[in-house]
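Reviewing the structure listed below.
Because the structure is predicted, anything quoted here is derived from the model rather than measured. Values below: all heavy atoms of this structure, side chains included; hydrogens, waters and symmetry mates excluded. The first residue of the sequence shown is numbered 1, and numbering continues consecutively from there.
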Amino acid sequence: LTLRSAGSALLLLLQPDHDSLRGLQTRTEHQRRRVRMSEQFNCENCKESLYGRKYIQVDDVPHCVPCYDRLYANICQGCKELIGHNSRELYYDDRHYHEECFRCSRCERSLADEPFICQDEVLLCNDCYCSEFSSKCVACNKTVMPGSRKLEYSGCTWHEECFVCRVCKQSLGSQAFIPDKDDYYCVSCYEGRFAPRCTHCKQVLVQGGVTYRDEPWHRECFLCTGCKAPLAGQPFTSQGENPYCVKCFSSLYAQKCSACNKAITGFGDGKYVSFEDRQWHQSCFKCSGCSISLVGAGFFPNGANILCKDCNDN
């Protein structure tokens with residue numbers, strides 16, 4: 001912002017006597033010679049005599065005041081009038097103002113000696129700008145002043161000093177934090193208060209993990225009870241409270257199919273047929289004579305064999 005006074009340019013009052021002419025320090029030697037020789041001193045533009053009148057020199061060339069204002073004065077952006085030679089002029093962003101016209105467009109406060117903001121080519125004092133455009137801190141509900149340090153998260157704004165952990169009140173501006181509804185926590189406070197703990201090692205689960213029987217486990221802690229192989233992302237079953245991989249469960253606990261003698265695990269095509277103390281994979285439950293499937297059909301036991309009606313009749 002530049003403040004200048006056009007009136008501070010050279011402004012002189014000429015008297016018709018020769019002593020006054022000789023006392024003008026700003027007059028060039030050429031002008032003094034011209035005055036002595038011709039006894040003329042005229043406005044460069046309108047050629048009217050400047051004797052006894054105020055005049056303004058521009059690059060050592062004299063102009064009467066009306067000509068100076070018409071040729072060199074700027075137009076005030078506020079009132080659209082000329083800024084005369086005797087007016088204080090404010091200059092901002094290639095625009096010129098009378099000092100009294102340089103005001104906030106909302107409250108009319110003078111901005112000559114005040115901080116201001118130009119919003120969409122409209123001049124606003126700091127208070128009006130903050131009231132109209134600045135966001136409010138969600139913690140203290142006070143305006144976040146332009147130029148102040150602030151934090152934004154999920155569409156909300158905080159003063160840097162207001163964005164703190166819900167528990168320990170330490171600033172979260174430069175560290176990781178965890179949101180929980182409308183509250184924010186540093187990692188250590190959140191883990192101590194809310195984070196689940198692994199059923200196996202009792203340590204905090206920071207991220208990821210596995211849920212088994214409604215209990216949290218680290219992925220690396222969720223292992224087969226038999227062979228200790230990782231079960232996360234793998235098919236598994238359980239015996240009592242303990243998880244097992246398919247291989248261990250089959251060898252330790254699974255019943256054997258009476259037809260193929262392989263384990264009935266419940267995985268893959270896990271359906272099976274049970275009769276008395278024997279079990280079959282559904283795909284293995286066939287007539288021992290003609291191999292027709294007996295699933296959903298009547299059958300006849302014959303010792304270790306099972307027969308369809310036709311084979312039994314024959």
Q) Between the side chain of E215 and the main-chain N/O of T211, is any donor-acceptor distance below 3.5 Å? A) no

Q | No-hydrogen, no-angle side-chain donor-acceptor test under 3.5 Å, H85 and D69 | A | yes

Q. When you look at CD of E100, are more than 12 heavy atoms from neighbouring residues, nucleotides or ligands closer to it than 6.0 Å?
A. yes

(Q) Testing the 3.5 Å rule here: is there a donor-acceptor pair between the side chains of E89 and H96? (A) yes

Q: Quick one: sort the F163 and W158 rings into parallel, tilted or perpendicular, breaks at 30° and 60°.
A: tilted

Q: For this output row, return yes or no: ring centroids of F236 and Y212 closer than 6.0 angstrom.
A: yes

Q. Distance-only, no hydrogens or angles: does the R53 side chain make a donor-acceptor pair with backbone N or O of S49 under 3.5 Å?
A. yes

Q.
Treating H218 as the side-chain partner and V204 as the backbone partner, does any N or O pair qualify as donor plus acceptor under 3.5 Å?
A. yes

Q) Given the side-chain rings of Y55 and Y68, with only the six-membered ring counted for Trp, is the space between their centroids under 6.0 Å? A) no

Q.
Given 3.5 Å as the limit, does a donor-acceptor pair link the side chain of H159 with the main chain of T143, or not?
A. yes

(Q) Could you check whether atom CG of D313 has more than 12 heavy atoms from other residues, nucleotides or ligands sitting under 6.0 Å from it? (A) yes

(Q) Does this structure show an ion pair linking E161 with R149, if we count only N-O contacts that are shorter than 4.0 Å? (A) no

Under 3.5 Å, which donor-acceptor pairs link side chains of residues 249-257 to any protein atom two or more places apart or in another chain?
unit_1: S250; atom_1: OG; unit_2: V246; atom_2: O; d: 2.7
unit_1: S251; atom_1: OG; unit_2: K247; atom_2: O; d: 3.3
unit_1: S251; atom_1: OG; unit_2: C248; atom_2: O; d: 3.0
unit_1: Y253; atom_1: OH; unit_2: Y244; atom_2: OH; d: 3.2
unit_1: Q255; atom_1: OE1; unit_2: Q279; atom_2: NE2; d: 3.2

(Q) Is it the case that the ring center of Y185 lies less than 6.0 angstrom away from the ring center of F177? (A) no

Q | Partner residues of N126 under the side-chain hydrogen bond (donor to acceptor under 3.5 Å, both in side chains) criterion, sequence neighbours left out | A | none

Q.
Counting neighbours of CD on E121 that are heavy atoms of other residues, nucleotides or ligands and sit closer than 6.0 Å, is the number greater than 12?
A. no

Q: Determine yes or no for a side-chain-to-main-chain donor-acceptor pair under 3.5 angstrom, with S110 supplying the side chain and R103 the backbone.
A: no

Q) For the residue pair H281 and Y272, is the inter-centroid distance of their aromatic rings smaller than 6.0 Å? A) no

Q) Is R278 atom CZ crowded by more than 12 heavy atoms from other residues, nucleotides or ligands, each under 6.0 Å away? A) yes

Q) Would the number of heavy atoms belonging to other residues, nucleotides or ligands and lying under 6.0 Å from CD1 of I292 be above 12? A) no

Q. Side chain of S87, backbone of H98: donor and acceptor closer than 3.5 Å?
A. no

Q) Does CZ in R106 sit with more than 12 non-hydrogen atoms of other residues, nucleotides or ligands closer than 6.0 Å? A) yes

